[in-house]
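Just below is one structure, and these are the notes that go with it.
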Amino acid sequence: MSDANIEFHAVATTAEVTEDEPKAVSIGRMDIGIYKLDGEFYAIDDICTHAYACMTDGYIDDGQIECPLHGACFDIKTGKALTAPATIDLRPYEVKVEGDQIMVGVPKAED
């Protein structure tokens, strides 16, 4: 997706997201989880692809987030589904930090 099709939104401050505490945010109709790993910020869909559960309520271990409902694990950096019962990846989003603002890039709304 080219930058022309992405719109960045300020969703949180860098102080609001820690290695142990991700943050759930909404941009339009999209529920997105913001994570911090090794000092870098990542954004992926916050709703599990297997069953409706907020991934940011899950357990973080070794760069993975575990769904609190059925235990499916996803790679925080890429959104890739790593364990059953999930077989569909979570969508990753581009993240940039401007000052202390975490900005998430999402597809522009159709006019």
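Every heavy atom of this structure was used, including side-chain atoms; hydrogens, water molecules and symmetry mates were not.
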Quiz item: Can you hop from V25 to I102 via hydrophobic side chains spaced under 4.5 Å?
Solution: yes

Quiz item: Quick one: does S26's side chain get under 4.5 Å of I32's, heavy atoms only?
Solution: no

Quiz item: Do D46 side-chain atoms and M55 backbone N/O form a donor-acceptor pair below 3.5 Å?
Solution: yes

Quiz item: Any side-chain heavy atom of L69 within less than 4.5 Å of one from C48?
Solution: no

Self-check item: Identified side chain to side chain contact (heavy atoms under 4.5 Å, CB included) counterpart of C73 within the set I65, D61, T83
Solution: T83

Self-check item: Note: K96-E98 ion pair, threshold 4.0 Å (strictly below)
Solution: yes

Quiz item: Can you find a heavy atom in the side chain of P92 that is under 4.5 Å from one in the side chain of I44?
Solution: yes

Quiz item: Taking all atoms of both residues into account, what is the closest heavy-atom pair of T49 and D89, and its distance?
Solution: CG2-O, 3.4 Å

Quiz item: Hey, are the side chains of V17 and Y35 touching, using non-hydrogen atoms and a 4.5 Å cut-off?
Solution: no

Quiz item: Going hydrophobic residue to hydrophobic residue with side-chain gaps under 4.5 angstrom, can you get from V11 over to V106?
Solution: yes

Exercise. For E16, enumerate each residue passing the side chain to side chain contact (heavy atoms under 4.5 Å, CB included) test, keeping only those at least two apart in sequence or located in another chain.
Key: A12, T13, K23

Self-check item: Flag side-chain contact, heavy atom, 4.5 Å: F8 against Q101
Solution: no

